[in-house]
Amino acid sequence: IYNRTDCKRRLANSTGEIQEIDMKSIKELLNNPNETNIVIGANNAMIAEIALRAGYDGVWVSSFESHAWNLLPDANILNTADYFDTISKISDRIDIPILVDADEGGPSSINTIRMVREYEKAGASAMCFEDNPSPKRCSFYGMKQSLETPELMCGKIKAAVEKRLDPNFAIITRTESLIQGHGHEVAMERARMYNDAGCDAFLIHSKSKTPDEVLKFADMYHKEGLRAPLVCVPTTYNNVSIDTLRDAGFSLVIYANYSVRAAVKSIEDIFTKMHKGGSLSAANNDIVSMEKIFDLIRVDQMKANQERYGS
């Protein structure tokens with residue numbers, strides 16, 4: 001069993017001293033009373049390291065970003081092996097909780113079982129899948145107008161919960177009810193069913209420009225006393241504060257797709273500046289030093305190992 005509990009984060013404090021901090025799993029973050037933890041999109045080890053140093057509680061390996069980095073639309077083109085590779089390269093270098101976007105959990109519960117086991121073995125701490133019918137298409141494309149059947153979705157949830165290798169591996173389920181325009185009552189019906197099926201957390205998704213419909217749902221959810229902690233992804237209603245989401249009872253917030261969007265803007269600006277300036281030096285004030293990269297990739301550790309063990 002691949003179990004990443006009891007791991008330690010090694011972080012430098014303000015004086016440069018290294019401190020060890022207990023690393024919580026995604027399930028522990030979800031059940032951390034009176035706290036709203038944040039995981040941020042990071043689809044390679046470098047970005048995950050930057051996220052860790054910035055103080056985020058975990059990373060989100062998303063379908064949107066995984067496809068975008070490969071110049072592909074978010075449309076179920078990448079497979080379980082692709083995600084296994086991404087997860088394993090992050091977990092090999094960094095002790096940080098990894099939450100994986102598992103799209104719709106595959107076309108059947110049989111696929112869901114393989115996903116949960118492979119992602120656990122790769123070093124993930126949790127996975128999330130949604131009630132978009134297979135083949136999944138990105139919610140923001142507006143291509144799906146119906147939800148997966150309750151029977152199939154609940155079967156996938158039960159399969160994931162019962163067949164995971166480690167009970168500390170969290171199963172988060174997400175409904176597209178609000179995004180598809182089915183309303184709060186349908187979203188609540190799905191919440192009840194997915195809670196009954198055994199999910200460890202429930203994600204309510206929205207593409208509204210304001211947080212109103214998500215906050216309304218949270219109020220309905222908590223008034224009904226549903227068991228599973230709440231999760232949201234405030235991509236389109238990004239003015240909402242963490243304090244507001246904490247007050248609404250959200251346990252986990254996912255900051256999705258900002259790393260790829262930030263990278264595209266920065267690289268476009270810098271490449272254009274150098275091309276117009278006719279010299280690499282035109283972008284000198286917009287990049288980090290080589291030494292910064294050496295620090296991130298732990299060149300000092302490589303040198304120490306070579307000194308100890310020889311080349």
Side-chain angles (χ1 to χ4, degrees), residues 24-41 56-60 62 64 97 99 101-102 104-105 125-132 138-140 144 147-148 150 153-154 157 160-161 170-258:
K24 292 182 169 62
S25 67
I26 295 294
K27 183 175 274 192
E28 289 169 324
L29 294 176
L30 287 165
N31 292 285
N32 193 6
N34 304 315
E35 285 293 327
T36 298
N37 293 282
I38 307 171
V39 298
I40 192 164
Y56 287 95
D57 301 297
V59 295
W60 164 245
S62 78
F64 182 105
L99 169 56
D101 182 355
E104 84 290 21
S125 179
M127 78 179 204
C128 175
F129 58 93
E130 66 206 53
D131 51 17
N132 250 329
C138 177
S139 304
F140 298 121
K144 297 282 186 177
L147 301 175
E148 185 56 86
M153 188 65 183
C154 290
I157 297 168
V161 169
I171 306 302
I172 301 174
T173 53
R174 159 178 147 188
T175 187
E176 302 289 283
S177 302
L178 298 183
I179 279 195
Q180 291 186 10
H182 300 302
H184 286 80
E185 289 304 325
V186 171
M188 282 299 300
E189 288 174 7
R190 293 289 172 146
R192 296 182 197 102
M193 287 188 285
Y194 301 169
N195 269 261
D196 288 345
C199 70
D200 295 305
F202 184 82
L203 192 159
I204 183 66
H205 206 14
S206 169
K207 61 180 178 182
S208 173
K209 299 297 183 185
T210 72
D212 297 353
E213 69 175 10
V214 166
L215 297 177
K216 177 181 176 181
F217 175 85
D219 184 59
M220 296 169 68
Y221 187 91
H222 292 304
K223 281 182 176 176
E224 190 152 327
L226 294 178
R227 166 192 56 79
L230 267 184
V231 183
C232 69
V233 190
T235 302
T236 57
Y237 51 99
N238 54 29
N239 285 328
V240 70
S241 70
I242 287 297
D243 287 342
T244 297
L245 294 173
R246 182 183 300 112
D247 291 344
F250 284 95
S251 298
L252 192 70
V253 176
I254 300 171
Y255 282 1
N257 69 51
Y258 264 54

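The basis for the numbers below is simple: all heavy atoms, side chains too, and nothing from hydrogens, waters or symmetry mates.
- Legend: residues meeting salt bridge (Lys or Arg N to Asp or Glu O under 4.0 Å) with Arg227, ordered by chain and number and at least two apart, are absent.
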* To do: Test Asn238 against Tyr258 for side chain to side chain donor-acceptor pair (under 3.5 Å), laying out the working first.
  => CA-CA 11 Å; Asn238 54 29; Tyr258 264 54; 2.9 Å; yes
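- Judged by distance alone, the side chain of Ser241 and the main-chain N or O of Thr244 form a donor-acceptor pair under 3.5 Å.
- Judged purely by distance below 3.5 Å, without hydrogens or angles, the side chains of Ser177 and Thr175 pair a donor atom with an acceptor atom.
- Looking at Tyr194 and Asp131, their side chains come closer than 4.5 Å, going by heavy atoms from C-beta outward.
- Residues Met127 and Ala160 come closest through the heavy atom pair CE-CB, 4.5 Å.
- Between Lys223 and Asp219 there is a salt bridge, with a side-chain nitrogen of the basic residue lying less than 4.0 Å from a carboxylate oxygen of the acidic one.
- Note: His205 and Phe140 have perpendicular aromatic rings, judged against thresholds of 30 and 60 degrees for the angle between ring planes.
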* Asked: What's the verdict on side chain to side chain contact (heavy atoms under 4.5 Å, CB included) for Thr173 and Phe202, showing C-alpha distance, side-chain angles and the deciding distance?
  -> CA-CA 5 Å; Thr173 53; Phe202 184 82; 4.0 Å; yes
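- The minimum heavy-atom distance between Ala191 and Tyr221, with the atom names listed, is CB-CE1, 3.8 Å.
- Counting heavy atoms from C-beta on, the side chains of Ser25 and Ser125 come closer than 4.5 Å.
- Note: Trp60 CH2 to Leu252 CG = 9.5 Å, rounded to the nearest 0.5 Å.
- Taking CD1 of Ile254 as the start and SG of Cys232 as the end, the distance is 8.0 Å to the nearest 0.5 Å.
- We find the CD1-CG distance between Ile204 and Leu215 to be 11.5 Å, quoted to the nearest 0.5 Å.
- Between Pro150 and Met193, the shortest heavy-atom contact is CB-SD, 3.5 Å.
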Just list the side-chain donor-acceptor pairs under 3.5 Å for residues 31-40, sequence neighbours left out, or say none.
residue : atom : partner : partner atom : Å
Asn31   : ND2  : Lys27   : O            : 2.8
Thr36   : OG1  : Phe250  : O            : 2.7
Asn37   : ND2  : Leu29   : O            : 3.2

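- The heavy-atom pair separating Ala170 from Leu30 by the smallest distance is CB-CD1, 4.2 Å.
- Residue pairs meeting the side chain to side chain donor-acceptor pair (under 3.5 Å) criterion with at least one member in residues 246-255, sequence neighbours excluded, are Asp243-Arg246.
- In this structure, Leu147 CG and Glu130 CD are separated by 10.5 Å, a value rounded to the nearest 0.5 Å.
- The shortest heavy-atom contact between Ser139 and Ile179 is CB-CD1, 3.6 Å.
- Between Ile171 atom CD1 and Asp200 atom CG the span is 6.5 Å, to the nearest 0.5 Å.
- Smallest separation of non-hydrogen atoms from Glu213 and His184: O-NE2, 2.8 Å.
- Salt bridge annotation for Glu176-Arg190: absent, with no cationic side-chain nitrogen under 4.0 angstrom from a carboxylate oxygen.
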* Asked: Would Val233 and Arg174 satisfy side chain to side chain contact (heavy atoms under 4.5 Å, CB included), going step by step from the backbone distance to the final call?
  -> CA-CA 10 Å; Val233 190; Arg174 159 178 147 188; 5.7 Å; no
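- Between the side chain of Asn132 and the backbone N or O of Glu104 there is no donor-acceptor pair closer than 3.5 Å.
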* Asked: So Asp57 and Lys24, side chain to side chain contact (heavy atoms under 4.5 Å, CB included) or not? Walk me through it.
  -> CA-CA 8 Å; Asp57 301 297; Lys24 292 182 169 62; over 6 Å; no
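- By the 4.5 Å heavy-atom criterion applied to side chains, Val59 and Leu99 are not counted as neighbours.
- The side-chain heavy atoms of Leu203 and Cys128, taken from C-beta on, include a pair separated by under 4.5 Å.
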* With side chain to side chain contact (heavy atoms under 4.5 Å, CB included) as the test, would you mind laying out the steps for Phe129 and Met153 before giving the verdict? => CA-CA 9 Å; Phe129 58 93; Met153 188 65 183; 3.7 Å; yes
